[in-house]
Each structure stands twice: as structure tokens, then as C-alpha cells.
**Q** 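Before I ask anything, here is the structure I am working with.
Every value quoted in this text rests on a predicted model; they were computed, and no experiment measured them. Protein chains get the first letters and strands the later ones, always in sequence-line order, with residue 1 at the start of each.
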4 protein chains.
Amino acid sequence: MKKNKPKYKQIIDAAVQVIAENGYHASQVSKIAKKAGVADGTIYLYFKNKEDILVSLFQEKMGQFIDKIEHETTSRQTAEEKLLTLIETHFEQLAADHHLAIVTQLELRQSNKDLRQKINHVLKGYLDIIDQIVDEGVEEKLFRENLDRRLVRQMIFGTMDETVTNWVMKDQRYNIVDQAKEVHSLIVHGLAGPHQ
Amino acid sequence: MKKNKPKYKQIIDAAVQVIAENGYHASQVSKIAKKAGVADGTIYLYFKNKEDILVSLFQEKMGQFIDKIEHETTSRQTAEEKLLTLIETHFEQLAADHHLAIVTQLELRQSNKDLRQKINHVLKGYLDIIDQIVDEGVEEKLFRENLDRRLVRQMIFGTMDETVTNWVMKDQRYNIVDQAKEVHSLIVHGLAGPHQ
Amino acid sequence: MKKNKPKYKQIIDAAVQVIAENGYHASQVSKIAKKAGVADGTIYLYFKNKEDILVSLFQEKMGQFIDKIEHETTSRQTAEEKLLTLIETHFEQLAADHHLAIVTQLELRQSNKDLRQKINHVLKGYLDIIDQIVDEGVEEKLFRENLDRRLVRQMIFGTMDETVTNWVMKDQRYNIVDQAKEVHSLIVHGLAGPHQ
Amino acid sequence: MKKNKPKYKQIIDAAVQVIAENGYHASQVSKIAKKAGVADGTIYLYFKNKEDILVSLFQEKMGQFIDKIEHETTSRQTAEEKLLTLIETHFEQLAADHHLAIVTQLELRQSNKDLRQKINHVLKGYLDIIDQIVDEGVEEKLFRENLDRRLVRQMIFGTMDETVTNWVMKDQRYNIVDQAKEVHSLIVHGLAGPHQ
DNA sequence: AATGAATGAGTATTCATTCAT
DNA sequence: CATGAATGAATACTCATTCAT
């Protein structure tokens, strides 16, 4: 299995770094190879082509990202706690890897439709976790019954994503993890006051 | 003023069409020129470079987009109504111009960081409208007092944006305007039930 | 019509020269462009791709080559004279353009099957001329009746081609035109003596 | 002596097959190695480089080819019979090995000048046999005295070669051996009728 | 103002060959 | 002897931009 060989991970990590530092369009294969400490041709022993590096990068990193979120959320009791943990873990992981945050929030979005389709496929696993927490919340009577699952998913993911993107575009100058509680509160209770 | 000359608008409309039909990366200047019915060189009498076409396109179209939203919302009484009108008008306008929806939600995001910074600058005007409605809602005691303006803005914009993007990626196969009320409800009341 | 523009011919002549001097595989597009005095990109305003330069080169040069042979042979009376004129004109023209001789006899044969198919298509016109002369010879009772046209064509063309190739491979060190009469005699009378 | 080791012949036979099936340019060393059932590196224990495989292939196969022709012709009495046998054996051998026919008539000609020089060196032995038969024919007064040996050689070889190449290019759809007698007749008697 | 022919910088990928095991 | 992972040189083509007319 190529994915377990050290050079596979070396190249992916080099790609994250090169893309974060140079931007998507200035990230030539030769630059990634150099940073990974391998010859240009070696890249093609581990990846089909340049796009395959990027897709694999996303799968690899997002796979871990999602696994971690899944692991953290399942250890919580209520749906409300799970949702808070999901938001916190989402923010924490990106805060812990500045390069990865830049790559996922800004650079990889410059890719073409084709690559974005593949990225969305990976994200599907994440959306499933969100769906399940919402379902649990409804069962626990914490959340309203008649929620449109798709819209809820879009609100939760859209809010987190927009929050992270803004933070990255502001050069990560503030602590995004501090905002998790407030984001959670907005998602659970909305804008309206308690007497509404 | 070049912006009032007919060819200026001709070129921008051609660009929207060409990008929507061919995708961002397959939209060469020569293709836009051909669709606009002008020579390649003529483009450069009206725009500094290719990026300038895209920025101008966004300014022009988003300017109208935002003006319309501003006009519709000001005619409403309460912040809650204004917010609903904002969401409805946002969805309606993109539903009314399929080409523009594709270009703003998918294709223009493939541009580089630099262009996206300029796009964000244009969006600033939109975010100001959102902020003002939130402020009004707080004053009217409809919304909670201690809301973090930036987070609220990100929730509102992020939710709408994610909703529209999903609709475009699903080839606009359902009526997005139908979802405005539910999106509004989620933003105002969140996931929690009334007894929470 | 692009074929009448001066740069079209400039590029083709440059290609002949570059290929003759450097060999097929060392003839990069950029080298041809430089020799032609145009930018690399200009090549692609006149030719679809590299192969198209080579096909066009062959069509252009062989077109003239065949026209000349056709013109010279039609002015002769008998089939025997026509055949001699054909051989002489074939040899003369290649002797007059050393570069072209190298390109057609050696370098262009290194091309792939696809290009060679196209080259053969051009040669069809030449083979038609040969066929017609043979037909005339048979009618005039100069040649045998029961000749297999395809084999005759292959003998005539194969003999001339092998003769020219040998001459080119020997660096064109002798005068090939001097051999036309003897080649003609071999083709018409074969190896056998008069008493056979 | 490496040439007697089994892998030497294995690799050469694999090369013939791979080149015939994939074409010269799509015949990578790794493909030949795979077909031969050896590692890429092993190729270089038996051959200096890729060109050396091709030269050796030609030497090996053409050596047998020429030996067979030599053996068959010496058992004939007259030069005329020997020539017919030569043509027949030439055609028979290529008809019996379709792969080899493709490789020698089409694919190997795509090689560069350098390799073709070496191939010509191998063919020298064949041309010597032709020369000797012609000499015998002249001595026997079957052939004319004043024949230019080189031209005769070129006529005989050129005609056979062109005939075989045409047959291969027509996907070997007819029986080339059937044409040996007629080719022989053309070479011996030429186009002219008996009364010429 | 308008044209469009010409420019030329920039880059992913292949594959013959090597050499540590 | 044999392996096969690693190497790295080499090249056609696109397209935003210019500028002479």
C-alpha cells in the first residue's frame, strides 16, 4: 500500500506547506518535490498526477479531521454538548495547523469544478455526522421537530466555514476557538431573545 | 466615464455568459471579446486587465444586487421582517439570473486570493446592511443584546451562501425562494424548540 | 488563406533547414521558430501543432515536386521517354535541394505511423502518374501487357527511392542524376541480356 | 557469451512482440522487461542500452534471415533460379513471422540515423549475396555484362522492400509469396516486351 | 476608437538509466 | 546475478497583453 510508505506522507506534507506559502497557482510540482526532498519523477510513483496530490491531501487530512471530530463528539451525552464539541474541535484543529487552514479555506477552493466535486465527496462524511447529531437532538426534544435537515446542515456548516474563512483571511490574528461557544449559541438559539 | 459606454456593459455581460457556460478556467479574454462582438484589443480600452473585468463584473452586478436588497428591506418595519426580506431578495435575485448565480457561487471562487480580497471589499456593503438590521433588532428588543456582530454576520451570510451554493451545485433543480422562510426561522430562532 | 501568407512559407522553409541540420528528434518547435524569425507562439497561428508543420511541409514540397514531374513528363512523346524524364526529374529535384533530400529520405521516416499515413496519401498522386505512364507504355506495345500494376509501381518507386536513399546516406558524394539512364534501363529491360 | 543465455533471447523476443503490438514509440524498456519476465534493471545486464536491444534484435533476426536465404540459394543451379529463390525465401520468412515483418518494415525505421546506420551494416551481408548472384548471372551470360552493381542491388532490394512494406501497410491482407514469381520476372526482364 | 497579428513566459509529465540491496 | 525504486532532463503549447495600423 503506497499510502503507508513514508514518501507518500512526505509529499503530502510538502504540498500543504508549499501551497500555504506560495498559493495554489504558484505551487508547481517541482516545488513540492523539492520541499519533499524527492525527485520530480518520484511524485509520479505515488500520485497519478498533480490533481491526485491535492485530492489525496484533502482525503488524508480531512479524514483525520473528521475522525477526530467523530471521536470527540461520541464521548458527549446530549446533542447540544455534541454540537458544541463539534464546533470546538473543528476550530481547534484548524487553529492547530495554520498551513492546513489556509489550504482548505482559501487555496483549494481555487481548484476546478472536477476537484471540488471530489472534495465535496470527502465532506459528505462530515455532513453525516452533523445530521446524526441533529437527529439525536430532535429525539431528545432539545431541537425542534420539523427541521429541514438540509437547511440545518447548511446553516451549521455554512456558519462554521464562513467563520473560519474570515479568521484565515484576517491572517488568523485572533483566537477562533474562543468563538466556539458563541457560534454554538447562535446556532442553537438564533438571534432572538429568550422571551421571543 | 467609461462605465457608461455601451461596450463596457457589453463586455461585462459577455463575461458573465462566457464564464457561466465555459467555466472560469476556459474563459479566455478572446472568447469574451468574441461574445461581446469586439476585438481582443478593445477589451483593454475598457479594462486594465483580465482580473479587472472580473472585479468590475462583480462590482457592477453586486452593486445592483445590494441596492435592490437595501431598497426592499428599508420598506419593511421590523428587523425580523427586514431580515426575511433580505433573505428572500437575496434568493430571488440569484434565482432570476442563473448565469450570475453560477458565476458568483462557483466560478469566481476559483480566482486567486488577490481577486477574492477585492470581491470581499465589494461585499462589505452587503455586510453593513446586515449589521444595521441586527442593530435595529437589538434596539427593538427582538434580538438578544449581547450578540457578537461579526459572528452574527458570518452566521447570516454563511448560511445564505452555503444554501445558494448547494442549490447551484444541485443544478438549481428546486425552488430556492421557497426556503427563505425556513432559513429565516433558523437564523432567528436556531435549532432549539420554544420551550428551551 | 494562411498558406499564401509569407510567414507560412518562412516557417516551412525553416523547418526543412532545421530538420536537415539537426535531425528529426532534435528539431524542437522553438528551434524552428527561431530559424524562421518568429515567436514560438506564431507557429501556432499557422499550424495546428508540430505534426501539422511536418505534414504541411511534405504536402507543400511534394506538391511542387510532383507538379514538376507531371509537367516534364507530359511534354514527352513515348512512355519510355516519359519514364526516363520521370526518373531524371525525380533525381534532379532532390539533387537540387540537399536539405529537402535529407528530410524526405531520412528524417521524415522517423515519424510515427500516423504522420506516415498522411505522407503516403500525398505520395498517392505520384503513384498515379507512374501508373498512367505504364498504361501508356502497354498501349504503345512498348511494355508487356500482363503487368501487375501494383508490382510495377513498387518496382519503379522502390528502385528510385532506394537509389536516392543510398545516395543521401553516402552524403550525396556522387552525382545521382548521372544514374538516371541506367536506372531507366534496368527498369525497362531488367537484368537479362538481349538474347534472353 | 551472453548471447547464448536464455534471458538474452527472451528479451529480444519480448522486444519484437512489444514493438509489433505497441509501435516503436510506445515500446518502453519497462514494457519489454515485463513481457520478458525480468526486472527493468536486468535488461542492462544483457544490453548496453535501449538502442542496443534494437540493434541486437535486428542482428539476431536478420542473421537467421540471411543465413536461410544463403542456404536456400546455394542449392540452386543458375543465377536466375537463385534470384527467384532469394525473393521467395525473403517473402516467405516475413510472411511466416508477422510480428517481425511489422518491426522490420515499419517500426524500426522510426529509429534515428545512428541506429539505421547500424542496421545497414547488418544488411551489408544480404547485399553481398545479391551481388554474388548477379556476378554469377553475368558469368553465365544470363544477365547483361555492363550492369552497375550498386544500381542493380538497389533495384533488387528496393523492389522487394517496397513490395513487402506495401503488403505490411495493407495489414498483410494478401499472400505476398504469390507475388515472388512476378517480382522476379520484373527484375530479370523489366517492363519491356519480348520484341523490344 | 478599434483592430487583431504577434509575442514569449511558463510547466506537467515521461521514461531510459542507475545503484543500493 | 537480479531487482525495482528513484532519478531528473527535456519540450510542446496556451493565452494575456501589446502596438502598429
**Q** E/dT7 phosphate, OP1 or OP2: any side-chain N/O from C/T42 under 4.0 angstrom?
**A**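 Checking E/dT7 against C/T42, a side-chain N or O does come within under 4.0 Å of OP1 or OP2.
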
**Q** Under a 3.5 Å cut-off for both contacts, is F/dA9 paired Watson-Crick or G-U wobble with anything, and if yes, with which nucleotide?
**A**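 In the structure as shown, F/dA9 has E/dT14 as its Watson-Crick or wobble partner.
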
**Q** Does D/A26 or C/G41 map to a spot on DNA chain E nearer the 5' end, using the closest nucleotide for each?
**A**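 Between the two, 5'-proximity favours C/G41.
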
**Q** Please report the distance, rounded to the nearest Å, between CD1 in B/I32 and P in F/dC15.
**A**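 Atom CD1 in B/I32 sits about 12 Å away from atom P in F/dC15.
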
**Q** Find the distance D/I53:CD1 to E/dC15:C1' and express it as a whole number of Å.
**A**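 One finds 13 Å between C1' of E/dC15 and CD1 of D/I53, rounded.
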
**Q** Give the nucleotide from the list F/dA5, E/dT7, F/dT17 with an atom nearest to the side chain of B/K50.
**A**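 Among the listed nucleotides, the one closest to the side chain of B/K50 is F/dT17.
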
**Q** By nearest nucleotide on DNA chain E, pick out whichever of D/E51 and A/E51 is the more 5' one.
**A**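 That would be A/E51.
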
**Q** Could you tell me the Watson-Crick or G-U partner of E/dA1, where both distances fall under 3.5 Å? Say none if there is no partner.
**A**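 Pairing partner: none.
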
**Q** Rounding to an integer number of Å, can you tell me how far D/K34 NZ sits from E/dC15 P?
**A**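 So the NZ-P distance, D/K34 to E/dC15, works out to 14 Å.
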
**Q** Kindly say if A/K7 contacts the phosphate of F/dA6, meaning a side-chain N or O under 4.0 Å from OP1 or OP2.
**A**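 It does, given that an N or O in the side chain of A/K7 lies less than 4.0 Å from OP1 or OP2 of F/dA6.
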
**Q** Just how far, in rounded Å, is C1' of E/dG8 from CD of C/Q28?
**A**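 Taking CD of C/Q28 and C1' of E/dG8, I get 17 Å after rounding.
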
**Q** Heavy-atom distance under 4.5 Å between the side chains of D/V168 and D/L94, does that happen here?
**A**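 When only atoms from C-beta onward are counted, D/L94 and D/V168 do not touch, as no gap falls below 4.5 Å.
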
**Q** Going by heavy atoms in the side chains, are D/I119 and D/M62 under 4.5 Å from each other?
**A**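 No, side chains not in contact.
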
**Q** Assess whether side-chain contact (heavy atoms from CB on, under 4.5 Å) is satisfied between A/D52 and A/N49, documenting all intermediate values.
**A** CA-CA 5 Å; A/D52 190 32; A/N49 50 36; 3.5 Å; yes

**Q** What integer distance in Å separates A/Y44:OH from F/dA5:P?
**A**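 Taking atom P of F/dA5 as the reference, OH of A/Y44 is at 19 Å.
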
**Q** Got a sec: does the NE2 of B/H121 have more than 12 other heavy atoms crowding it under 6.0 Å?
**A**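 Not more than 12 within 6.0 Å, no.
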
**Q** Would you say D/E107's side chain and D/I19's backbone share a donor-acceptor pair under 3.5 angstrom?
**A**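 No; judged by distance alone, with no hydrogens or angles, the pair does not exist.
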
**Q** Taking for each residue the nucleotide of DNA chain F bearing the nearest heavy atom, is the 5' side occupied by C/S30 or by B/H25?
**A**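 Upstream on the strand: C/S30.
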
**Q** How do A/G37 and D/V38 order along DNA chain F: which one's closest nucleotide is nearer the 5' end?
**A**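 This one resolves to D/V38.
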
**Q** Let me know the distance between NZ of A/K31 and P of E/dG10, rounded to the nearest Å.
**A**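 It works out to 11 Å between those atoms.
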
**Q** Measure CD1/C/I43 against P/E/dA5 and give the value in whole Å, please.
**A**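 After rounding, the reported distance stands at 17 Å.
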
**Q** Which nucleotide wins on minimum distance to the side chain of B/D40, given the candidates F/dT11, E/dG4, E/dT13?
**A**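 So the side chain of B/D40 is nearest to E/dG4.
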
**Q** For F/dA2, take OP1 and OP2 only and decide whether either is under 4.0 Å from a side-chain N or O of D/Y46.
**A**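 Yes, within the criterion.
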
**Q** Hey, does the side chain of B/K5 come within less than 4.0 Å of E/dA1's phosphate (OP1/OP2), counting only N and O?
**A**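 True: B/K5 side-chain N/O within range (under 4.0 Å) of E/dA1 OP1/OP2.
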
**Q** Can you measure C/F47 atom CZ to F/dA12 atom P for me and round it to whole angstrom units?
**A**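 The distance from CZ of C/F47 to P of F/dA12 comes to 15 Å, rounded to the nearest Å.
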
**Q** Of all the nucleotides listed (E/dT13, F/dA2, E/dA6), which has the minimum atom distance to the side chain of C/L45?
**A**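 The answer is E/dA6, which lies nearest to the side chain.
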
**Q** Could you check B/V103, B/D13, B/I66, B/T104 and say which one makes a side chain to side chain contact (heavy atoms under 4.5 Å, CB included) with B/K61?
**A**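 Option passing the side chain to side chain contact (heavy atoms under 4.5 Å, CB included) with B/K61: B/D13.
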
